[in-house]
Every structure is written in C-alpha cells, then in structure tokens.
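Down below is the structure, laid out as structure tokens.
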Amino acid sequence: MVAIAVLMMSLVAGFFWPGALWAGCFFTYQVASITEIDSISMVYVVLAGGVAVFHALRRPPPFAFGWLDAVFLGFIGAYSLSATYMPDAGAGAAAAGQLWLSAGTMYVIGRLTCWPERLTQTTREMLVTTLIMGSVLALIIFHSRTVTTVRVARLAVGTGSDVGISGPFPFILAGAVASLLYYFNTRQIVRVAIAGLALVIVGYVSVYSATRGVYVSMVGGLGVIWLLGRGRMRFKGVMVAGVLGLCGLIAVIPFMPHTVELQNAVMRLVGNFHGGGVALDPSLIGRMNNYRLATTLFLQHPYFGLGIGGFNYSTGIIYVHNIFLEMACEFGLVGLVLELTYLAILFRSGFQLSRTYPEAASLLLGFIAVHLTHMLVSDTLAHAKILFMFTAVIAGALASLQQRKPAPAPVAVEAAPA
C-alpha cells in the first residue's frame, strides 16, 4: 500500500506542478506489479486526466495541430481498423479498444499540460519527481523483494514480474545522469544531490534485477539526450564527480554484501560477455520463440498482417515483446511503413523543437528513446504510455511555435521606369 501512496502523491503534486503528472506515468506498471492490483494503472491515468483537465480549464493550452499529430493519430487509427479482418472480430475489437484507451488518454494528458512557454519548467518538474519517486519505490522493492538463492533468479516482489519491477529503472538512471550533466553547479545543488542519490540507490537495486535491457535502454536514451543537449551540458564537473564516485565505489566494495543472490544477479548481467550458461535463460528462450512465431505469421500475411490482436489469437502468447515484429505480423508491410514514418517524424519534430528548447526536447526525446529501446525486447505497443504522452507534448509544443512564427514581410516591387 505504501507504493500506491507514493504513486498517488504524484497526483497531489500534479495540482501544483504539471510535470509531476508525467512522472507518475512511469510507475503505474511497476506499482501494479508490486501490489498485484492491475487496475491501479487505469485508476491513475483517469485521475491524472482529471488533473490535466483542471489545469486546462485554469490555463488553456494552445491547441495547434501539425504533421506529427496527423501521422500519429492516423497510424493508431489505421492499426485499429485492422481489427475488421482479424479472424476473431471480438478479440480484435478488444485489442483496438485497449490501444485507443492507452493512446487516447496519454495524448490528452500530454496535450492539456503542454504550454510551450513553460515547457522547460514542466520537464524539470517531471525529472525531479521521477528521480524522487524512483528512489523511494526502489527502496520499497529492495526491502520487500523475494530473497532466493536459485541461480539466475530475478528481482521480484510477490508474483510481480521482473519486467514490471525493473521497467522504470532505465528512465531513472538516464534522468539522473542527464541531471548531473545539466545542473552540476552550486546554484542547483539540490537537483544534483537528488540525481546523485537516485543514481546510487536505483543503480544498486537495478543490479539485483539482473536485467541487461535496463542498461541498454539507458545508454540508448542518454545518446539522444547528449546529441540534442550537448551545447548546454557541463562535462568537466561531471567528470570530476565520476572519478570521485568511482573511487568511492572501490572503497565500499569490500563492505558490500557478498550474497549468493547478488552473485547470481551479477553473473546473469555479465554472462553473455564470457560465454556463461546464464545467457540461455528461460526469458531469452521465450523471446526467441516469440520472434520466430511472429516472423512466420508475417511471412504468411506479408502485406496487411493478421489484424490487431492476431499474434495472441494465433499463438496464445500475450505479447511478441518487440514492437516492430508485433506490427509486422499484425499489420504487415503497411503497418511497418506507417510505424516507421510516425517514428521518423517524431524524432525529426524533437530535433526541430530542440532548436528552441534544447534541454526540454533532449529529455523528452531521450526518454522516448529509452522506451523504444526497451520495447525492442519487451512489452507491447498498447503499453507505450511514455511514447504516446511525449508524442503529444512534442507535437503540441512544436505546432504552437510554428503557428506563432510571423509571416514574411511582402517584398516591395519598384515600378519600372517609363
């Protein structure tokens, strides 16, 4: 219940700082896994939508629409229409409804809390709240974890899956490093302290998760954050802090617990690099089987796919665990083209927005990159809440800026001499 209280505190904070609403969306799946109450995700989204409406009524955001809006909504709509030829019409309609429920609610929350003039402030609110909530929930997870000495055991609380438990970790780690890069100075010492503490706490707990995707996703997101925001980052101070942190880590290693649980987690993380047997764990074997089945279905229906929900209908497996193979087998080449077009325009829009708001755009697009990297090996498109919400934010901010651009002055034409 403490985890639910932490999540709901972001709603209360959201009345004062809209970015806190965004932060809470990172943790709905994690809290649902910890508490084994699946409905908590939808409850939070509905309540967050209400708070977003409160902000919109008090301070209406600019409602400008652009290419990104059209491509995103067109992609979601076209994918949903594939339910019309899915073999089980009821299952297809249910899958389409789930997709629209996720995409629609996240789009509304993102759009109703998007004011271009305070975009950087809102993003900073989201970042700080994410680091604080992530650290508190990581401590709860670590304290309540199921301790086991079985080889290749994963971090778990009750029956919560390792995916649900570790899902927010790459966002927190990437956000903590980005905070150090942006705010490493004495005037913003509080943000630096929060980032450093989150990096230590979540970094340590993430080792117990034994999930390699946490670090792959984090690096992917940091690459995008650096690319868009490098002009405003402070590398010298961070390098000094990194050296001091490394020295501190070396100093405390002898005092860290040398348990079988921790050794198993470390062995799973590094097993792929020295040929250890931990690489062929059930999770990896299951995903490889999913990919094989999805590829087979795609080759059988290459142009329009089976229809949304078709993978689950044909195989009995809930997710493909790869958003591109999911699209290939359920919506064929048409769906892949639409998905890639949407993502290409999304990243192009993020880069355009970074010319005016480099810090905010780099963090928003960086977190999108974290999410997309994670979804190459996990989850399903209908759960892409962060992707949908930040698509709405980037689309709204960019369209508003473009709408405000003054029209070019008419060129005076001199009369020709008689």
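Nothing fancy with the numbering, it's 1 onward along the sequence.
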- Determine, stepwise, if the pair Val224 / Leu227 fulfils side-chain contact (heavy atoms from CB on, under 4.5 Å). CA-CA 5 Å; Val224 174; Leu227 190 61; 5.6 Å; no
Nearest 0.5 Å, what's the [atom1]-[atom2] distance between [X] and [Y]?
X	Y	atom1	atom2	value
Ser102	Ile76	OG	CD1	8.5 Å
Leu325	Leu297	CG	CG	10.5 Å
Leu343	Leu372	CG	CG	5.5 Å
Leu137	Phe142	CG	CZ	15.0 Å
Leu336	Phe298	CG	CZ	6.0 Å
Ile172	Thr130	CD1	OG1	7.5 Å

Measuring only between side-chain heavy atoms, which start at C-beta, is [X] closer than 4.5 Å to [Y]?
X	Y	value
Glu326	Leu381	yes
Gln352	Gln402	yes
Ser10	Leu21	no
Pro358	Leu228	no
Leu119	Val393	yes
Val320	Cys329	yes
Gln30	Leu7	no
Tyr79	Glu330	yes

Is the [X] to [Y] ring centre distance short of 6.0 Å?
X	Y	result
Tyr319	His383	yes
Phe304	Phe331	no
Phe26	Phe367	yes

Is it the case that [X] and [Y] place a side-chain donor and acceptor less than 3.5 Å from each other?
X	Y	value
Asn290	Arg287	no
Thr113	Trp22	yes
Trp100	Ser80	yes

- Task: Would you check, one step at a time, whether the test side-chain contact (heavy atoms from CB on, under 4.5 Å) holds for Leu173 with Val177?
- Result: CA-CA 6 Å; Leu173 295 175; Val177 174; 5.7 Å; no
- Message: Show the nearest heavy-atom pair for residues Ser41 and Lys385, with the distance to one decimal.
- Response: CB-NZ, 3.5 Å
- Item | Closest non-hydrogen atom pair, His301 against Leu306 | NE2-CD2, 3.5 Å
- Item | Leu68 and Leu398: CA distance, side-chain angles, deciding distance, side-chain contact (heavy atoms from CB on, under 4.5 Å) verdict | CA-CA 9 Å; Leu68 180 55; Leu398 184 62; over 6 Å; no
- Task: Could you note down all residue pairs passing side chain to side chain donor-acceptor pair (under 3.5 Å) where residues 188-201 supplies at least one of them, sequence neighbours left out?
- Result: Gln188-Arg191
- Query: Does any pair with a residue in residues 56-73 pass side chain to side chain donor-acceptor pair (under 3.5 Å), and if so which ones, sequence neighbours excluded?
  - Reply: His55-Arg58, Arg59-Glu117, Asp69-Tyr107, Asp69-Arg111
- Task: May I ask you to check whether over 12 heavy atoms, not counting those of Met8, lie within 6.0 Å of atom CE?
- Result: yes
- Message: Checking Ser362 against Tyr357 for the side-chain hydrogen bond (donor to acceptor under 3.5 Å, both in side chains) test, could you report, in this order, the C-alpha distance in whole Å, the side-chain angles of both residues, the deciding distance, and whether it holds?
- Response: CA-CA 8 Å; Ser362 69; Tyr357 302 107; over 6 Å; no
- Item | Residues in side-chain contact (heavy atoms from CB on, under 4.5 Å) contact with Thr356, at least two apart in sequence or another chain | Leu401
- Query: Going through the checks in order, is the side-chain contact (heavy atoms from CB on, under 4.5 Å) test met by Phe311 and Ile317?
  - Reply: CA-CA 7 Å; Phe311 180 79; Ile317 301 171; 3.8 Å; yes
